[in-house]
2 protein chains.
Amino acid sequence: MAPRLTAKGAATRQRIVEGAAEQIRERGATETTLDDIRARTATSKSQLFHYFPGGKEELLLAVARHEAGRVLSDQQPHLGALTSRQAWYDWRDAVVDRYRRQGQQCPLGTLVSQLSPATPGAQAVTRELLGSWQAQITSGIRAMQEKREIPPELDADRAAAALLAGIQGGVSILMSTGSLTHLEVALDLGIERLLVAPAPAPAPAPAPAPPPR
Amino acid sequence: MAPRLTAKGAATRQRIVEGAAEQIRERGATETTLDDIRARTATSKSQLFHYFPGGKEELLLAVARHEAGRVLSDQQPHLGALTSRQAWYDWRDAVVDRYRRQGQQCPLGTLVSQLSPATPGAQAVTRELLGSWQAQITSGIRAMQEKREIPPELDADRAAAALLAGIQGGVSILMSTGSLTHLEVALDLGIERLLVAPAPAPAPAPAPAPPPR
DNA sequence: CACTTTCTGGACTTGCAGGTCCATTTTTTG
DNA sequence: CAAAAAATGGACCTGCAAGTCCAGAAAGTG
C-alpha cells in the first residue's frame, strides 16, 4: 500500500507541501487549485496524485499538519520555557510578532474550514495543536507557581484555557478585521492577571468573598 | 439600478436569504450550491439572479448580514442591559446556550472565509458586528463602574476587547474541536476578573468621568 | 548489467456549479 | 382596462478544476 519513498521522492513530496502552503498563505485555500500548486512547485498532475492518492483533500491535510507545526515552532523557545517573568513577556512579543507578520492570512483557519467542518483528519490536527499549545502554557503557569510568582491556588488548567481562548479570538479578529489590538489586549490582560501579584509572602490576603459560581 | 421590490418580491427575497442561511448552517458554505438553495426555497435560477445580480457572492453577503443580526439578537435582552451582576451571569448563560445549540456550525465563520479573506463587503459585516458587540460590553462595564461594582480605574475598552477576544476564541475552538469548555472558561474567568471586587468605595469618591457614549 | 520499482510528463476525460437568456405570467400603475 | 414593470420557469451554455491514464525516464537492487 504505502510505497516506500526514495530520497528524491521524499524531496518532491516536501516541495509540494511547502509550495502548496505558500500558495495557500498567499491566496487562501479555496482560491488555490491543483494547477496553481503544480505551477509553483514545477510538478505534474501525476506527481500530485502519486504522492497524495487521496487527491486534494489528502494534500490539504498534509499542508495543515505542516502549518500546525509552524505555529508552535514559531513560538519557541519561549513557549517551551515559561519559567520567568521575562520569558512570559518575550513569548507575548513572539506571538504578536508572528501574527503581525502573517497578516490577514490564516493558513490553518482557511484550511480546516475548507476541509469541511468536521473532517476527522482536520479535527485531529487542530485538536493536537491546541492540546499541545495549552499544555505548554499550563506547565509554564505551574513553573511560576512553584517559584511563587503566581498564586498557588489558581487553577492552572483553566487559566491556560482562558488565555489560549483569548489568543485564538485575537487571531480570528485579526483575520476578519485586520486589527492586531485584540490579540495584544488579550495577551496583555491575560498575562497581567497571572503575574500581577508577585507576593512572596502568603500573608493574610483580605480577599472579599468570591462571587457565586 | 435598484429595481423597486413589490411586496411579493420582498417576500421571495427574504425566503431566499433564510433558506440559504438554513442550508449553510446545515451543510457549510462551501458545500452549498445555488441549486441546493433553489431546491430548498422553491425558486428558479432566474429568481436568484434577479434578486442578487452579483451572483453567489452577493447572496452570501446578504446571508452573512442576516446571520450577523442573529448573533446579537440571540444575546438580547441581556447584552443590551449589563447593569447588574445578575445580568452579567444571565448573559453568560445565554451566550453559552446559543453556541451549545448551534454546535459545530459557524455560519458566519464559514461564510466570511468563503467570501475570501478580505472581501471589503465581508470585512464590513464582521467589523460592524464585532464593533457593536464590543460597544455593548463596554457600556455594560461602564454601567457597573458607576454602580461601584467594577473598579473605576479599570480600562473599560480594553477589558471589553479582551472579553470579546476570549469569546471569539472559545467559539472558534468549539468549531474546530467540538468542545464547549474553552468558551465557558473564557467567559467565567473574564467576568470574574471584572466583578471580583464589589468594593463599596469610600464616600467622597469623585465620580470618574462617566461619558456614557 | 539486467530488471524491477519508483518517479515524472502531460494529454485527456468528466462532472458540475455558476451564470446567461428569453419566453411567459403576474402585478402595478395611470 | 391597457401598457409597463416586475416576477418567474427552466432550458441552455461554458469554463474550470479534480481526477484518470499511459508511456517513458530515472533510480534503486541483485
Side-chain angles (χ1 to χ4, degrees), chain A residues 1-20 23-24 26-64 110-111 113-116 119 121-122, chain B residues 1-20 23-24 26-64 110-111 113-116 119 121-122:
Chain A
M1 288 251 100
R4 350 179 334 224
L5 295 185
T6 73
K8 190 179 179 189
T12 301
R13 201 195 123 103
Q14 173 98 348
R15 198 172 77 238
I16 292 174
V17 170
E18 283 173 3
Q23 182 75 24
I24 288 171
E26 288 172 19
R27 323 266 307 186
T30 32
E31 307 300 311
T32 295
T33 95
L34 292 187
D35 271 332
D36 295 334
I37 298 171
R38 227 178 40 61
R40 178 186 278 260
T41 61
T43 49
S44 66
K45 217 56 173 297
S46 69
Q47 284 173 287
L48 261 38
F49 284 85
H50 180 68
Y51 293 106
F52 305 94
K56 192 178 190 184
E57 181 166 329
E58 187 177 343
L59 173 53
L60 288 185
L61 201 57
V63 174
T110 59
L111 273 169
S113 74
Q114 159 82 10
L115 286 170
S116 87
T119 291
Chain B
M1 291 242 104
R4 350 182 334 225
L5 294 187
T6 72
K8 190 180 179 190
T12 301
R13 199 196 125 104
Q14 172 99 346
R15 197 172 79 239
I16 292 173
V17 170
E18 282 173 3
Q23 183 74 24
I24 287 171
E26 288 173 18
R27 323 266 308 188
T30 33
E31 307 299 310
T32 295
T33 92
L34 293 186
D35 271 331
D36 295 334
I37 298 172
R38 228 179 40 60
R40 178 187 278 259
T41 60
T43 49
S44 66
K45 216 62 173 295
S46 69
Q47 284 174 288
L48 260 39
F49 283 86
H50 180 69
Y51 294 106
F52 304 95
K56 193 178 190 185
E57 182 165 330
E58 187 177 343
L59 172 52
L60 288 185
L61 201 57
V63 174
T110 58
L111 273 169
S113 74
Q114 159 82 11
L115 286 171
S116 85
T119 291

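The sequence lines fix the lettering, A, B, ..., with proteins before strands; numbering per chain opens at 1.
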Nearest whole angstrom, please: distance from the P of D:dA7 to the CD of B:Gln14. 15 Å
Enclosure of B:Glu57 CD (heavy-atom neighbours >12, cutoff 6.0 Å): no
If each of B:Lys8 and B:Thr32 is mapped to the nucleotide of DNA chain C with the nearest heavy atom, which maps nearer the 5' terminus, i.e. the 5' end? B:Thr32
Any donor-acceptor pair under 3.5 Å between the side chain of A:Lys45 and the base of D:dG19? yes
So, does A:Thr33 use its side chain to make a donor-acceptor pair with the main chain of A:Asp36 at under 3.5 Å? yes
In whole angstroms, the gap separating C1' of D:dA18 from CZ of A:Phe52 amounts to 16 Å
Whole-Å gap separating P (D:dG9) and NE2 (B:His50): 12 Å
Using a 4.5 Å cut-off on heavy atoms from C-beta on, say whether the side chain of A:Val17 contacts that of A:Phe52. yes
Check every strand shown and say whether B:Thr6 touches a base, only sugar-phosphate, or nothing at a heavy-atom separation below 4.0 Å. sugar-phosphate
In whole Å, what is the span from the CG atom of A:Leu59 to the P atom of D:dG19? 10 Å
Does A:Tyr51 make a side-chain N or O approach to OP1 or OP2 of C:dT8 shorter than 4.0 Å? yes
Separation of D:dT8 atom C1' from B:Arg13 atom CZ, nearest Å, is 17 Å
Which residue, A:Pro53 or A:Thr33, contacts DNA chain D at a nucleotide closer to its 5' end, judged by nearest heavy atom? A:Thr33
Between B:Glu18 and B:Arg40, does at least one N-O distance fall below 4.0 Å, as a salt bridge requires? no
Identify, between B:Gly55 and A:Ala10, the residue whose nearest nucleotide on DNA chain C lies closer to the 5' end. A:Ala10
Phosphate oxygens OP1/OP2 of C:dT8: is one of them under 4.0 Å from a side-chain N or O of A:Thr12? yes
Find the distance A:Glu57:CD to D:dA17:C1' and express it as a whole number of Å. 16 Å
Could you give the CZ-to-P distance, from B:Phe49 to D:dG10, as a whole number of Å? 17 Å
OP1 or OP2 of D:dA7 less than 4.0 angstrom from a side-chain nitrogen or oxygen of B:Gln47, does that happen here? no
When you measure from the side chain of A:Arg38 to the backbone N and O of A:Lys45, does any donor-acceptor pair fall under 3.5 Å? no
Between P on D:dT8 and CZ on B:Arg38, what's the gap in Å once rounded to a whole number? 14 Å
